[in-house]
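Each remark here refers to the structure printed beneath this line.
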Amino acid sequence: MPLISLTTDFGDLYPAAMKAVILGINPEVQIVDITHSIRQAGIREGAFVLYSLVRYFPQKTVHIGVVDPGVGTSRRALAIKAGSKGKEQFFVGPDNGLLIPAARRLGEMEVYKIANPELMLKSGISATFHGRDIFAPAGAHLSKGIPIEAVGPRIPDYLNLDFGNFGIDGPFIIGEVIFADSFGNVITNIPEDIVLKFSTFGSQVEVNGRRVSFVQTYGFVGKEEPLALIGSHGFLEIAVNKGNASLQFGLKSGDQIAIKTV
Amino acid sequence: MPLISLTTDFGDLYPAAMKAVILGINPEVQIVDITHSIRQAGIREGAFVLYSLVRYFPQKTVHIGVVDPGVGTSRRALAIKAGSKGKEQFFVGPDNGLLIPAARRLGEMEVYKIANPELMLKSGISATFHGRDIFAPAGAHLSKGIPIEAVGPRIPDYLNLDFGNFGIDGPFIIGEVIFADSFGNVITNIPEDIVLKFSTFGSQVEVNGRRVSFVQTYGFVGKEEPLALIGSHGFLEIAVNKGNASLQFGLKSGDQIAIKTV
Amino acid sequence: MPLISLTTDFGDLYPAAMKAVILGINPEVQIVDITHSIRQAGIREGAFVLYSLVRYFPQKTVHIGVVDPGVGTSRRALAIKAGSKGKEQFFVGPDNGLLIPAARRLGEMEVYKIANPELMLKSGISATFHGRDIFAPAGAHLSKGIPIEAVGPRIPDYLNLDFGNFGIDGPFIIGEVIFADSFGNVITNIPEDIVLKFSTFGSQVEVNGRRVSFVQTYGFVGKEEPLALIGSHGFLEIAVNKGNASLQFGLKSGDQIAIKTV
């Protein structure tokens, strides 16, 4: 059975309209909700979520991502094929960067503009809900195996987005908070290999000037004690064992973070 | 694969019992959660949600709706077939009006009372959870293709519900707030065609005395500015770009709303 | 189609990684979310949820339960086969009691330690997310019909958990609050048969000294009036009609409760 994933900022209710449209076109597809709770218009956060999860999905998965503050304006609708031959996954969503880090992570990619009205909702395109009217049907048709060239012309350019603004500054690793999850765990853009070059598990680090243990998992520190760890996403996370690091450290999406080995 | 949708006020946890029962009877069915967050006992809100989404679902879909403050009392359990031949959809739920607007929207309908104990949960009927004990199994059997006559006798009467209390009063269009979604967008019962007779996109309207722009989509006004638009449901909505109109306008489900062209 | 259920304290986002892994191994499986909103580290609450729902699931269902404060420590990973021949269901999760009441409810059980690296995530085992790296793949392989012996050695011991601390004390039935659901309904560990030995529907009881009606369903008392009933789980519940009993009675998970017939 083919597989479609959904990542949106739609909250309740609206995802069901997308699923109805998808299953009307491809009744055999499995649909996995990645999340519908991306912060409204949180393109960077949505991009990171897709980016961090894409490697767990099987080949041929079609990822529909809709965090789309430009809906109804002239921003383009994209379909992307990414990954080496036989291992491709597909992406459908707005041209605002949302899909790019996940697609790029899979290797080479081909970007197409969705322009074929045959693949859009027959009852008309609303100005506010392209998730239902354009992206859901395009994704459903791709999950049935139509060639991606059928959606429209291949295009050479697209809006870019990356999580690359981390680096070394003297004794500090500087990075950015990508988002805080529903438990208050603070996920940064600092990848595992950079951190492990500077620190070993069991040592202490300073997070924005505050000393915490760098350990492998929550249970290695006491209840309500802070810790730094390599999260399941493969990036440095700041957490509090059975507590909320986002609140304790005052860190939210977009904030700078400085890590110092001590 | 056949399709069942679920619309309830059950919140977390209880929908899983319905799904277990459904998949025990029909392991091949696809289940789509429309929502489980209808306001408790919000029959009118649940009816509008089903009504607004039903046209996106494919033929033969079985919609199970359970917003059921009368559970365990003498209110009847209904199964409905609606729509023209070959395009039918089915509805299962309590006789309190919840299913009627959606079913009626599809065209002619036949209403049956669920009375056949063979189609109910074998381990007994609780007084509090007919969603699991009666509606889930009835819906699962319908999704397997049993004729609707098997559920019980056809009945001529049922509890009615409509969203019809809108109209023109001098310079005003008067309507009602059906519900506010999780973003605070205020959805009214005033249909698209009435609004477009009085206003054109780009004009100003007064919403309960407050002037706002009537535009096609959110991006046409500034951040935190209010707007009126035709929502993706096909009805007039009041919204605030990246804000909460329900809070800003003090409007909630059941409130009257008066729109004036200016 | 085979069936996998998921019960976790993961909130949003992380369940999708488990589903991606599961569907990569078994694309034909149906996945039912029981809940991802168990209180963090609420092993007893998670165990009760699984326990109360297991009887509604069809044979061969694989239940993956992950409420796992000991993740990354030396606690073992379990797979369990439970139920009489031809009616077995399977359970996968940590060795902390979470799975035991549900499995025991089905009758005889066999407990195995998950030790076969062939059944774990190929890209490596994180210290923080065994739900994705160990339990999801083990459950997916079981749903494909591998013999349970393939996961690892059968073991004679496991961490136990039961809901047995209720009893009669003079005129009182004493029990414990297992959890409060999202509506504030207070679910106790006092089973139906004990309650019905002491009280009949329509009588009054005292709940921690406060008099309430013992009735069959919510509609038998006025709006915002408290009631005691046999919940759909088959246990005594304290509720408030269209209100929140957990708040009104100040009762939460783990609290003692004393019921007196009056």
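In the text below, chain A, chain B and the rest are named by the order of the sequence lines, each starting its count at 1.
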What distance separates [X] [atom1] from [Y] [atom2], expressed to the nearest 0.5 Å?
| X | Y | atom1 | atom2 | answer |
| --- | --- | --- | --- | --- |
| A:S52 | C:L13 | OG | CG | 6.5 Å |
| C:D133 | A:Y56 | CG | OH | 6.0 Å |
| A:L53 | C:K19 | CG | NZ | 11.5 Å |
| A:S182 | C:D12 | OG | CG | 6.0 Å |
| A:T217 | C:F129 | OG1 | CZ | 12.0 Å |

Is a donor on one side and an acceptor on the other found under 3.5 Å between the side chain of C:R132 and the backbone of A:S232? yes
Looking at C:Q40 and A:G243, would you say the former's side chain and the latter's main chain have a donor-acceptor pair under 3.5 Å? no
Smallest separation among heavy atoms of A:M1 and C:E28, with atom names: N-OE2, 3.5 Å
Is there a side-chain contact between C:P69 and A:K242 in this structure, where contact means two heavy atoms from C-beta onward sitting under 4.5 Å apart? yes
Quick one: which of C:G70, C:P27, C:A41, C:G24 has the most heavy-atom pairs under 4.5 Å with chain A, could you say? C:P27
Can you tell me which portion of C:V71 sits under 4.5 Å from chain A's heavy atoms? Options are side chain, backbone, both or neither. both
In terms of heavy-atom pairs under 4.5 Å with chain C, the winner among A:I230, A:T7, A:I34 is A:I34
